[in-house]
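Since the structure comes first, as structure tokens, the remarks are kept for the end.
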Amino acid sequence: MFNVKLLFDISKHVDKYHQNIFQRVAIISYLCKLKKNNLYYNKINTTTMKKEFPKAYEPILSEDKWYPLWLENKIFAADNNSNKEAYSILMPPPNVTGILHFGHVLNSTLQDIYIRWKRMQGYEVCWFPGMDHAGIATQARVEKELKATENLSRYDLGREKFVEKVWEWKEKYGGIIFNQLQKLGISTDWDRTLFTMDESASNAVKEVFIRLFDEGLVYKGKRIINWSPLAQTALSDEEVEFKEINEKLYTLRYYFEDSNDYLMVATVRTETIFGDIAVAVNPNDERYKHLIGKNVIVPLVGRKVPVIPDEHADPEFGTGCVKITPAHDPNDFLVGERHNLDIINTINPDATLNENAGEFAGLDRFEARKRVSKKLEELNLIEKVEDYAHNVGISQRGGEPVEPLLSDQWFVKMKPLAELALKVVQDGEIKFHPNHWIKTYEHWMNNIKDWCISRQLWWGHQIPVYYTEDGRFTAAIDEAHAREKLGLDANVALKQEEDVLDTWFSSWLWPMTTMGWMNDHKTESTPDLEKFLPTDLLVTGPDIIFFWVARMIMATEKFKGEIPFKDVYFTSMIRDGQGRKLSKSLGNSPDPLNIIAKYGADAVRFTMIFLAPLGQDVRMDVDVDAQDIPSMEIGRNFANKVWNAGRFLNMKLDQAIENNNGNSDVCIDENTLTTADKWIRSRYNTTIEKLNQSLSDFKVTEYSKMLYDFIWRDFCDWYVEIVKIQFNDADSAKQVAIAKFAIEIYEGILRMLHPVMPFITEELWHLLSGKDDNETISTQATPMPNNTHIDSNIEDKLALVQNIVEEIRKLRSSTSIPPSQKLPVAIAIKENAIREVFSEAKNVIAGMAKCSELEIAESVEKPSSSLSSVVREIEIFVSLGDAIDLDKERERLEKEIARLEGNIRACEKKLSNEKFVSNAPADVVAYEKEKLDSMKESLLKVKDNLANL
RNA sequence: GGGCGAGUAGCUCAGUUGGUCUAGAGCACCUGCCUUACAAGCAGGGGGUCGGGAGUUCGACUCUCUCCUCGCCCACCA
């Protein structure tokens, strides 16, 4: 037998252990164990019960308790064999090197809200998680570590050993972000986690490459590409960012071969003159027309090069003459192609100058620029030097300026893929939220360029192309397959392409690889694909609309003939108080885990969506030094409010049952419901409807705001306060009914709240229902509105009651009478129907507005020494006795008269405007008339009250 | 240069097809409260010529034009 006394003692001291989370967890798990064995709920005295419902919500206890239970009970597991309608989301795979940042927090919360909401709606829900191998980032990371620990470069190790090292690193550190994400409480089907380098995914990658190759959509070509000297690899256009940099613009003298005249040519990059092969002028430029065909001498180099006509030269810019360096400028390369010019490469892959630079060979490009410029100056070949701000391409990963470099690379022809992908978005088959992103998408699709997919890295999918010694090649699964395709004997030696594929080349297959497409070069369809493709929603940042979203649409259309997802939700960017993007390099982002530890996962989730409107950036008051985001209090305070409402209702129910001699079997009788009861029920159903609608419309912020307002304002501020009063007026059986009724509403709102605040709602649901730990709120049904309970008439009536209560409070607070002192109040209401409601709610009004006595009648005599107010023709008198300050009251009433008169004038003016009366809709005119009458009536009463003061 | 978005209270933002808006909320601020869940709370209060200008309309925060400011994306001229 367990010892109740011991348990009581332990829980009594929970607060003392407040500083020690581990001890608290231990105690709670002990309590849980007891609860599991059904030992505590019925048998422990009320003092101990209260300990189960601490005064403040303690997130860590719920978080550590429920997540493991959800996993254990396989709540997140999806069944592709189920009869239920499917709902699925693909998690944007975080980088294997990634650690949790606030982008993930927002993104994951949004996905989890939809996943949980749909799960509760009875869908077969699957959230596919996974991780990206992140070629450049991961390789750089491991290289750095290798250097630091063993002082080795990847070349020292060799390709095979190095790749092994990366795998080791991945096994050791790769999963960190998943553990971090679990702290957020997200409900992904972890058993389906896919890594983009897994064999199944790699097979699909190969398959796609081979198919595109065979179709001629993948080709190898010598092109100017963006070269990253740091990573020593090609980059795609999307991996280059442009940044304005201040540099010097040198105007150089290019002398004619046969005279002392010269052309002036401007350049920033003096170190590239070794690759100069021509000077271009615009063919229509009158200044230079006659010089076309002549030769000039490249300064310092001494090479004779022709003056050629080309549209590329802009007469408006600079001198109108451009030096042409095909090997180191994409535009010059095109000029070179048009004029059949030689190409002289002068820069090495590590961005040092090569032998073509003569005495400058071996120098880094920037050092070389300084030295070349100096030398040019010494030789008096510089006309002038100016400060010059221009955009320079920067490697997104390494941050160094990219070098345009001519090299052999693999490309995907994008035009044919883009057509269908553009159509499905334009036709609305795929919807963007917010939909203005369509324009950006269209622009990119219409101007799409071929995609450079080869990377000179070791970590990634090695391109499945095999070469014979004599230079023939094909794309194939393996050597045998290649020999078969090339018609070669088994003994012919083959060599595989050394380059690997761009990481996005595996990411764009994500909708298919997560579901097992071509995992073995054979399987076109799987139960997952049949059940879950197309997925329903993609939640991602607009920054990867080209990298990922567009390409997934292309690939899935191309290879599956389907759209990958139906809706795309583009998230907000998280910024700091100064509007800067939160980023590691700026060091302006606190660790989300610290914030979660401080405020609780639910609070963080709630605050994030509360603050992050669809499609607009969010500014947050981050404090990195303190590792704090004070606005997270919104969510924490709200969680606490929800918690305390539950705690209070639970307490009331216990009390009621105790008063009712332990009999809890009391049904709620429709006939005994008060106006307030019907009001909260109506508000509840109205709110439920709107909440579901908001989520359907992807208005998640609206959803959070409505929950906040309903729970805090309607339910807590008004209904729970009313319940207190109704409780006092009821017999014990009725008390049980009242508490149960309130709890029923509360339980519904918990279910509606669960998608955004999973932990606290789970905890409260169990505390209130006494359900076994292995049951969960996350599979209970989403509340649906009961339209027969929506009654706008009742809502209006109670709104009027609220107005009156507020008005009485306002009158009171204009005095210095303490809130605890109750005052006599009289209310005159002419309209019968309203008066009835007020009479029924008499005790409620008296309680809420602190009335010692309350008279409600068709007309009342103005009590002496009273404050008065008129609201919608209802007169209110609050008797003050000696405490009244007549001057103050007179002043107040005069102000009110002035206000009313002003409004009446405006209203009369409007109504005397013939055009308004004839053009405005009848109901608007009627409303104005009604308003005018009402205001006139009020004015009379206020004037009367002033006179009688 | 092209495109997109935003400018509403000190701050962060709501404001649905123009009329019930005397423009709301949270935070901050001021006043009073330990009122039988919650001080992470309760009650009340002050604070905005809705970026400027023009127009359409009986009526504009809302629609049109224009200008100003800020942010993002794309392109890129040596």
Side-chain angles (χ1 to χ4, degrees), chain A residues 53 55-57 242 249 251 265-269 272 279-280 312-314 316-325 329-332 388 390-391 393 434 436-437 439-440 442-444 447 542-543 545-546 573 575 577 579 581 599 603 610-611 613 615-621 630-631 633-652 655 699 701-702 705 708-709 713 716-717 720-721 724 727-728 806 809-814 816-820 847-850 899 902-903 906 910 913-921 923-925 927-928 930-931:
Chain A
F53 241 123
K55 195 169 173 181
Y57 171 59
F242 285 88
L249 182 67
T251 302
V265 178
T267 183
V268 170
R269 306 199 58 193
T272 62
V279 170
H312 169 57
D314 177 3
E316 305 292 314
F317 188 88
T319 61
C321 305
V322 198
K323 73 190 198 68
I324 301 300
T325 320
D329 183 288
N331 285 309
D332 292 5
Y388 185 60
H390 70 144
N391 286 331
H436 66 77
W437 286 108
K439 296 221 169 162
T440 308
E442 279 176 344
H443 182 260
W444 191 71
N447 296 284
D543 49 332
I545 187 168
F546 309 134
M573 196 85 87
R575 300 180 176 281
K581 195 175 157 179
Y599 295 96
F610 189 83
L611 293 179
Q616 252 173 254
D617 292 354
V618 201
R619 279 185 182 218
M620 289 203 303
D621 46 348
S631 53
E633 283 180 10
I634 297 170
R636 185 198 55 180
N637 294 357
F638 179 54
N640 196 234
K641 190 72 185 177
V642 173
W643 179 259
N644 271 291
R647 185 163 91 108
F648 176 74
L649 294 177
N650 181 58
M651 195 185 82
K652 280 290 172 194
Q655 265 175 26
K699 293 175 179 166
T701 300
E702 197 177 277
K705 293 210 151 84
Y708 189 93
D709 285 343
R713 306 270 85 98
C716 291
D717 286 355
V720 170
E721 291 306 316
K724 286 181 187 171
F727 211 79
N728 291 340
E806 279 164 351
R809 286 170 176 169
K810 216 181 286 179
L811 289 178
R812 290 188 56 118
S813 69
S814 67
S816 52
I817 294 173
S820 48
M848 299 287 277
K850 301 257 184 282
R899 188 187 69 90
N903 286 343
K910 209 172 190 181
N913 182 341
E914 227 175 273
K915 284 181 174 173
F916 170 72
V917 179
S918 52
N919 286 334
D923 57 328
V924 173
V925 178
Y927 172 78
E928 288 294 328
E930 206 176 292
K931 197 166 85 178

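What you see is a predicted model, and the numbers here were worked out from it, not measured in a lab.
Donor-acceptor pairing under 3.5 Å is lacking for the side chains of Asn650(A) and Arg647(A).
Of the possible polar contacts, one joining the Asn919(A) side chain to the Lys915(A) backbone as a donor-acceptor pair under 3.5 Å is found.
Listed by chain and residue number, Asp621(A) satisfy the side-chain hydrogen bond (donor to acceptor under 3.5 Å, both in side chains) test with Ser631(A) (two or more places apart in sequence, or in another chain). By the side-chain hydrogen bond (donor to acceptor under 3.5 Å, both in side chains) test, Glu721(A) pairs with Lys724(A), sequence neighbours left out. Residues passing the side-chain hydrogen bond (donor to acceptor under 3.5 Å, both in side chains) test with His436(A), sequence neighbours excluded: none.
At the phosphate of G24(B), neither OP1 nor OP2 sits under 4.0 Å from any side-chain N or O atom of Arg713(A).
Rounded to whole Å, atom P of G26(B) lies 8 Å from atom CG of Asp709(A). Leu611(A) has its CG atom 12 Å from the C1' atom of A25(B), to the nearest Å. With rounding to whole Å, Arg575(A) atom CZ is found 13 Å from U12(B) atom P. One can place CG of Asp923(A) at 14 Å from P of G18(B), the figure rounded to the nearest angstrom.
By the 4.0 Å N-to-carboxylate-O rule, Lys931(A) lies close enough to Glu928(A) to be salt-bridged with it.
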Margin query: Generate the contact string for nucleotides 32-41 of chain B. Rules: B means base contact, S means sugar-phosphate contact only, - means no protein heavy atom under 4.0 Å.
Written below: S---BBBSBS
Next item on the list: Sugar-phosphate atoms are those with a prime plus P, OP1 and OP2; base atoms are the rest. Using that split, label each nucleotide of nucleotides 3-8 of chain B B, S or - for protein heavy atoms under 4.0 Å, 5' to 3'.
Entry: -SSS--
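With A14(B), U20(B), A78(B) as the candidates, the nucleotide lying closest to the side chain of Phe317(A) is A78(B). For Phe546(A), taking side-chain heavy atoms from C-beta onward, the closest of the listed nucleotides A78(B), C73(B), G44(B) is C73(B). Closest to the side chain of Asn913(A), from the set C58(B), A78(B), G45(B), is C58(B).
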Item checked: Dot-bracket line, read 5' to 3' along RNA chain B, where crossing pairs take [ ] and | marks a partner on another strand, Watson-Crick or G-U under 3.5 Å -> (((((((..((((.....[....)))).(((((.......))))).....(((((..]....))))))))))))....
